[in-house]
Structure formats: structure tokens, C-alpha cells
Amino acid sequence: MHRVPGKCPICGGELAVTHLHCPSCGLTLGGQFSLARFYRLDAEQMHFLETFIRCEGKLNRVGKVLNMSYPTARGRLLDLIRALGYEDKEKFSPSPADE
């Protein structure tokens with residue numbers, strides 16, 4: 001199976017899912033479904049994220065696994081944060097819905 005694209009190959013805009021299909025029973029749902037933030041990531045960013053998680057968030061270990069310096073790993077993490085729609089200077093405090 002192919003990876004679900006999150007961005008339009010023509011204009012770069014975010015894609016929306018309009019149909020879901022169950023191959024087991026044949027059910028098809030139609031509508032407007034949003035994709036998770038992770039679909040915004042390209043293959044390289046997803047690989048970095050998976051490595052980051054496997055390394056328990058330790059950038060020194062990420063750097064060793066991916067053969068890059070700590071500053072490069074830190075820069076990739078900041079790029080990843082931005083690609084997910086967060087600003088790196090934003091403080092991650094709980095929103096009212098989380099409290």
C-alpha cells in the first residue's frame with residue numbers, strides 16, 4: 001500500500017479525505033474527514049520522528065543513530081515542530097479543554 005499524502009502535489013495545500021472504505025465488509029463512508037497532523041510530514045521528517053521516539057526523546061542518541069551532530073538533530077526537531085503546525089517558541093501549556 002502507498003503512504004497517504006497529506007499535501008496536494010499541485011499546490012501544496014492540505015488534502016481532505018472524502019471516502020473511507022472497509023475491504024472486509026465493503027462499507028464505504030463518504031464525507032469530509034481531516035487528516036492527522038502527522039500526514040503533513042514528508043518521509044524524512046517521519047523517519048526523524050520515529051527515531052526520536054525510539055531514542056526516548058534524547059537528541060544525543062538521535063544524532064548517533066542518524067549520524068548527525070547534536071545541533072543538526074536539534075534543528076531537525078525544530079523543523080518537525082513547525083511542520084506539525086507548532087511554533088518552537090510556543091509554550092506547551094495545557095489548553096482549557098485539557099484541564
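In what follows, every heavy atom counts, from backbone to side chain, and hydrogens, waters and symmetry copies are set aside. Given the structure is predicted, the values throughout are model-derived calculations rather than measurements.
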query = Can you list every salt bridge (Lys or Arg N to Asp or Glu O under 4.0 Å) pair that touches residues 21-33, not counting sequence neighbours?
reply = none
ask   = So do the side chains of Gln45 and Leu84 get within less than 4.5 Å of each other, counting heavy atoms only?
value = no
query = Are Leu41 and Leu15 in one and the same hydrophobic cluster, where Ile, Leu, Val, Met, Phe, Trp and Tyr link if side-chain heavy atoms are under 4.5 Å apart?
reply = no
message = Starting from Phe52, can I reach Tyr39 by hopping between I/L/V/M/F/W/Y residues whose side chains sit under 4.5 Å apart?
response = no
With a cut-off of 3.5 Å and sequence neighbours excluded, list every side-chain donor-acceptor pair involving residues 25-36.
residue: Thr28; atom: OG1; partner: His21; partner atom: ND1; Å: 2.8

request  = Sort and list the pairs that fulfil salt bridge (Lys or Arg N to Asp or Glu O under 4.0 Å) and have at least one residue in residues 60-75, not counting sequence neighbours.
outcome  = Glu56-Arg61
Rounded distance [0.5 Å steps], OG1 in Thr51 versus CZ in Arg54 = 4.5 Å
ask   = Tell me, which pairs form a salt bridge (Lys or Arg N to Asp or Glu O under 4.0 Å) where one or both residues lie in residues 38-52, sequence neighbours left out?
value = Glu14-Arg40, Glu44-Arg76
request  = Report the residues that fulfil side chain to side chain donor-acceptor pair (under 3.5 Å) with Ser69, sequence neighbours left out, ordered by chain and then residue number.
outcome  = Thr72
task = Report yes or no: do Leu49 and Tyr70 belong to one cluster of Ile/Leu/Val/Met/Phe/Trp/Tyr joined by side chain heavy-atom distances under 4.5 Å?
result = yes
inquiry  = Would you say Phe38 ends up clustered with Val4 if hydrophobic residues are merged whenever their side chains have heavy atoms under 4.5 Å apart, either directly or through other cluster members?
reply    = no
query = Applying salt bridge (Lys or Arg N to Asp or Glu O under 4.0 Å), which residue pairs with at least one partner in residues 27-36 are found, sequence neighbours left out?
reply = none
key: Side chain proximity check, Phe48 to Leu77, heavy atoms < 4.5 angstrom   = yes
Smallest separation among heavy atoms of Val65 and Cys55, with atom names = CG2-SG, 3.9 Å
